[in-house]
Amino acid sequence: MDREELETEQAHLTMVYGKLLAMERSLEERIRSLDATALEDKNDMRDNMRFDYADDETTMETLAELEVWNRYIDTYNVESDSLGRDLRAVRKLLEAPYFAEIRLQFDPSEEPESYYIGRAGIMENGREPMIIDWRSPIAEVYYNQESGHTHYTVEDREIAVDLKLRRQFDLAKDRLISYFDTGIAIEDPMLLKSLSQSHTDKMQAITATIQKEQNTVIRYPDVPVLLVDGIAGSGKTSVLLQRIAYLFYRKRKDLRPDQVCLMTLNPVFRDYIDEVLPDLGETNPLTITWREFLTMLRVPVQPETEEERIPDRLRQIREGLAKLSPEVGDFCDIMQKDKLVMSAKEVLAVIKEFRQFPLGVRRIQTAAEELEYRVKNRLRHLAENAEISQETDGKMDTVEERRLENDYGGALQNIRKYAWINVRRVAQRILGTERISEAEWLCTMLELTGACDRNMRYVMIDEVQDYTRAQLELLAKYYPNARFMLLGDEFQSIREGTVSFAEIEEMAGEAGKQFASLPLMTSYRSSPEITELFAALLPKEKKLLVNSVRRPGERAAVRVCETQEEYDRELRGLIRQYEKEDGLTGIICRTAYQVDRLATTLGKEAPIVVGEQDVLPREGVFLIELALAKGLEFDRVILPDVEPEAYPDDPIGRHCLYTAISRATGHLTILAKGEMSELLRQV
């Protein structure tokens with residue numbers, strides 16, 4: 001590094017840091033002043049507000065006055081939220097103001113201009129950009145990694161520029177540690193430094209080290225169905241979170257966190273990723289597992305059904321519903337706590353009044369409106385000592401509506417949530433079987449009621465290879481207006497009956513939706529030696545495309561023990577050795593049964609066990625089932641029991657071994673007792 005240029009860059013950093021400190025102080029003072037004013041106004045409201053509900057007229061006056069005060073409070077809240085966001089951004093930048101500089105020449109007759117890129121954007125004096133947000137259009141030049149003549153896109157218009165400099169910084173607050181002028185990703189010193197750091201219990205944002213193929217996914221045009229097909233360790237989940245942050249930035253005026261749903265496989269992984277978006281200044285979206293999605297829709301737990309038969313049975317439900325003649329057993333009593341408001345027989349009578357419609361959404365929704373009208377009338381007579389006004393033109397006034405909702409909301413909610421439909425029996429009658437799966441129950445419910453979430457605009461599904469076709473069909477049905485981003489690796493599918501990527505493309509075509517598929521073939525997680533080992537389990541044509549950008553490390557240690565005593569001694573020695581190391585060491589077992597068996601065998605020396613409701617430790621050694629380790633990565637991995645029984649030479653066994661090996665970043669030990677899996681002998 002040139003000494004004079006180093007001093008120039010340090011001086012620039014010192015200047016920027018000083019301005020950020022001044023902004024922090026100014027924002028803190030504005031927030032204190034706003035809070036004081038808001039408190040004063042709230043006290044004034046408390047002292048002068050008169051709550052009078054003596055009659056309808058005074059009630060309406062009270063409500064109108066409350067509405068005025070609520071608007072004042074909302075104004076304060078909006079301003080407070082805005083100042084709070086700015087303060088959080090400034091404080092985040094104070095940790096490291098920026099991570100890159102690009103020097104662009106827009107016209108040969110003009111001098112090049114420098115732009116500094118950070119995790120957030122900050123304007124100086126409200127006009128000139130001091131730091132450019134990494135998601136801004138001009139920052140695309142940095143991530144494209146093309147020196148010389150290049151371009152970036154603003155609202156579908158290409159801006160041609162000449163990239164004179166692409167510089168990366170390693171900063172700690174106001175101290176410049178080093179900088180690098182970089183061209184292509186494989187020579188990226190910042191990336192290699194980032195990859196060499198020990199792993200913790202939380203995923204870190206990759207903003208400063210996003211690579212070209214990853215950037216293509218993050219900034220890809222908004223299509224109805226986007227499938228990202230990435231090998232193990234290619235940064236799929238990181239890219240997914242960066243794309244969510246990118247969408248929030250590009251659509252900041254009209255996209256809210258509650259309009260994005262992130263489907264994740266298990267709570268362990270959700271906890272692992274929950275700090276990435278807040279670190280980028282964004283709010284986490286709705287993040288749920290499939291099981292939690294079912295709970296949200298009140299789907300009862302059902303017996304397992306053969307997955308390969310489910311798509312045909314869902315089609316049978318859709319086709320058979322319209323032909324079904326309703327019976328009393330298809331419905332339930334409507335109750336208000338322990339009081340019967342309307343019997344199932346009476347519900348059936350209402351349903352039959354609308355026989356001009358086939359059994360389905362239109363008939364059920366029309367009947368629901370009629371049921372609510374009749375139930376409200378019955379509830380009026382159940383009210384004890386209530387002074388409720390008489391109906392006017394067949395409708396109840398506002399006061400009566402509010403009182404019914406407060407006192408008898410249970411029965412009304414049961415109607416609105418379609419709790420009066422015996423969904424299970426309807427499905428049983430159509431399918432002609434007692435055994436109804438959760439997917440079949442949910443399909444029947446959606447086809448009957450039309451229940452859906454039209455507010456959701458994006459559904460992101462991580463590890464999509466572990467979902468079934470039926471699950472994806474039901475998610476598309478429930479979120480009809482959403483665009484889907486699906487990320488996965490077909491070769492990490494570790495159970496039978498899951499969807500293939502060809503089927504996903506087929507489903508998009510059948511729905512008439514535009515489909516795009518993007519590859520991620522570079523491993524940023526594992527050393528070249530470990531990458532070569534797990535890539536050897538892939539088909540030849542796929543294996544040839546895989547590469548690793550990490551520095552060379554050590555080969556995997558493969559140990560076959562002749563006796564149980566030798567095996568136990570080897571495993572205990574590894575645990576004692578790794579307990580002294582920094583970072584995380586995962587002992588990954590093929591099944592939960594093997595986890596329990598190994599913990600019992602090790603006794604007092606057993607590491608902690610990470611279960612589905614647990615979080616990862618910050619460091620140290622732990623036991624975990626393979627299904628829960630998916631998507632995670634550890635500095636060191638021990639694979640015990642890599643024997644034919646645990647990893648048979650079949651597609652699922654191959655996928656399981658590929659997934660397990662690829663959790664390791666730099667150190668991998670494979671243990672077997674007596675006989676090694678044929679899969680390892682082959683590679």
Side-chain angles (χ1 to χ4, degrees), residues 85 89 98-168 182-185 206-228 239-256 259-260 280-282 457-458 460 481-485 508 513-520:
R85 282 193 300 271
Y98 44 82
F99 56 80
E101 174 192 2
I102 49 175
R103 201 168 295 166
L104 305 178
Q105 188 173 40
F106 291 87
D107 189 286
S109 63
E110 299 175 350
E111 288 295 314
E113 299 179 34
S114 285
Y115 296 89
Y116 289 82
I117 303 171
R119 286 183 288 177
I122 289 292
M123 304 292 287
E124 187 174 10
N125 302 320
R127 297 185 301 275
E128 296 296 322
M130 184 167 69
I131 300 172
I132 300 294
D133 192 293
W134 68 274
R135 297 164 289 188
S136 65
I138 202 169
E140 184 179 357
V141 175
Y142 167 74
Y143 292 114
N144 281 342
Q145 301 165 346
E146 297 173 354
S147 297
H149 293 287
T150 183
H151 68 274
Y152 63 95
T153 304
V154 180
E155 295 179 351
D156 298 325
R157 184 169 63 95
E158 285 192 1
I159 309 295
V161 293
D162 190 0
L163 177 59
K164 297 294 187 182
L165 177 74
R166 179 179 181 269
R167 177 166 289 175
Q168 291 177 275
T182 60
I184 58 177
I206 61 168
T207 311
T209 57
I210 293 170
Q211 300 304 292
K212 187 173 182 178
E213 67 172 0
Q214 296 172 327
N215 185 58
T216 299
V217 176
I218 293 167
R219 296 174 185 261
Y220 198 77
D222 212 0
V223 294
V225 182
L226 176 61
L227 173 64
V228 179
V239 167
L240 166 62
L241 296 169
Q242 301 284 155
R243 180 164 175 85
I244 292 174
Y246 177 74
L247 290 170
F248 280 147
Y249 176 82
R250 293 298 301 272
K251 302 175 182 293
R252 54 191 176 277
K253 293 182 180 179
D254 63 354
L255 180 63
R256 306 186 307 272
Q259 293 176 310
V260 179
L280 296 173
E282 303 293 351
R457 293 175 57 186
Y458 292 93
M460 314 296 204
N481 296 335
R483 292 174 178 259
F484 282 74
M485 181 180 183
K513 294 184 176 181
Q514 183 183 354
F515 172 86
S517 178
L518 299 176
L520 291 174

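The analysis underlying the following values was restricted to heavy atoms, covering all of them including side chains, and did not include hydrogens, waters or symmetry mates.
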Heavy-atom pair with the smallest gap, counting every atom of [X] and [Y]:
X	Y	answer
M485	L240	SD-CD1, 3.9 Å
Q242	I206	OE1-N, 3.2 Å
V223	Q514	CG1-NE2, 3.6 Å
L280	A245	CD1-CB, 3.8 Å

Would you please name every residue forming a salt bridge (charged side-chain N to carboxylate O under 4.0 Å, His left out) with R219, sequence neighbours left out?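 Not a single residue meets the salt bridge (charged side-chain N to carboxylate O under 4.0 Å, His left out) criterion with R219.
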By salt bridge (charged side-chain N to carboxylate O under 4.0 Å, His left out) - contacts of E140 (at least two apart):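 With sequence neighbours excluded, E140 shows a salt bridge (charged side-chain N to carboxylate O under 4.0 Å, His left out) to no residue whatsoever.
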Just jot down the side-chain contact (heavy atoms from CB on, under 4.5 Å) partners of [X], sequence neighbours excluded, or say none.
X	value
R252	Y249
R250	Y246
S114	E101, R103, Y116

What verdict does the side chain to side chain contact (heavy atoms under 4.5 Å, CB included) test give for Q214 and V239, after you've listed the backbone C-alpha separation in whole Å, the side-chain angles of each residue and the deciding distance to 0.1 Å? CA-CA 6 Å; Q214 296 172 327; V239 167; 3.6 Å; yes
To the closest 0.5 Å, what do you measure between [atom1] ([X]) and [atom2] ([Y])?
X	Y	atom1	atom2	result
L247	I218	CG	CD1	10.5 Å
N215	Y220	CG	OH	13.5 Å
S517	F515	OG	CZ	5.0 Å
I102	I132	CD1	CD1	7.5 Å
M460	L226	CE	CG	8.5 Å
F248	Q259	CZ	CD	9.0 Å

Between D133 and R119, does any NZ, NE, NH1 or NH2 come within less than 4.0 Å of an OD or OE carboxylate oxygen?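 So R119 does not pair with D133 through a salt bridge.
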Any side-chain heavy atom of L520 sitting closer than 4.5 Å to one from E213?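 Result yes, sub-4.5 Å side-chain heavy-atom pair found.
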Using the ring of each side chain (for Trp, its six-membered ring), is F99 parallel, tilted or perpendicular to Y143, with breaks at 30° and 60°?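 The rings of F99 and Y143 sit tilted, inter-plane angle from 30° to 60°.
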Could R166 and Y142 be counted as a cation-pi pair, given that NZ or CZ must be under 6.0 Å from the ring centre and within 45° of the axis?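 Positive - R166 is close enough to the ring of Y142 and near enough to its axis.
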Evaluate the criterion side chain to side chain contact (heavy atoms under 4.5 Å, CB included) for residue pair W134 and I117; output intermediate values, then yes/no. CA-CA 6 Å; W134 68 274; I117 303 171; 4.0 Å; yes
Are any side-chain N or O atoms of E110 and backbone N or O atoms of P108, one a donor and one an acceptor, separated by less than 3.5 Å?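 No.
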So, R457 side chain and N481 main chain: donor-acceptor pair closer than 3.5 Å or not?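 Side chain of R457 to backbone of N481, a donor-acceptor pair under 3.5 Å: no, none is there.
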Check the pair Y458, L255 against side chain to side chain contact (heavy atoms under 4.5 Å, CB included), reporting the backbone distance first and the verdict last. CA-CA 10 Å; Y458 292 93; L255 180 63; 4.1 Å; yes
Given the rule in the side chain to side chain contact (heavy atoms under 4.5 Å, CB included) test, do M130 and M123 qualify, once you have shown the distances and angles that lead to the verdict? CA-CA 5 Å; M130 184 167 69; M123 304 292 287; over 6 Å; no
Contacts under 3.5 angstrom, residues 148-164 side chains, donor-acceptor by atom type, not counting sequence neighbours:
residue : atom : partner : partner atom : Å
T150    : OG1  : E146    : OE1          : 3.4
D162    : OD2  : K164    : NZ           : 2.9

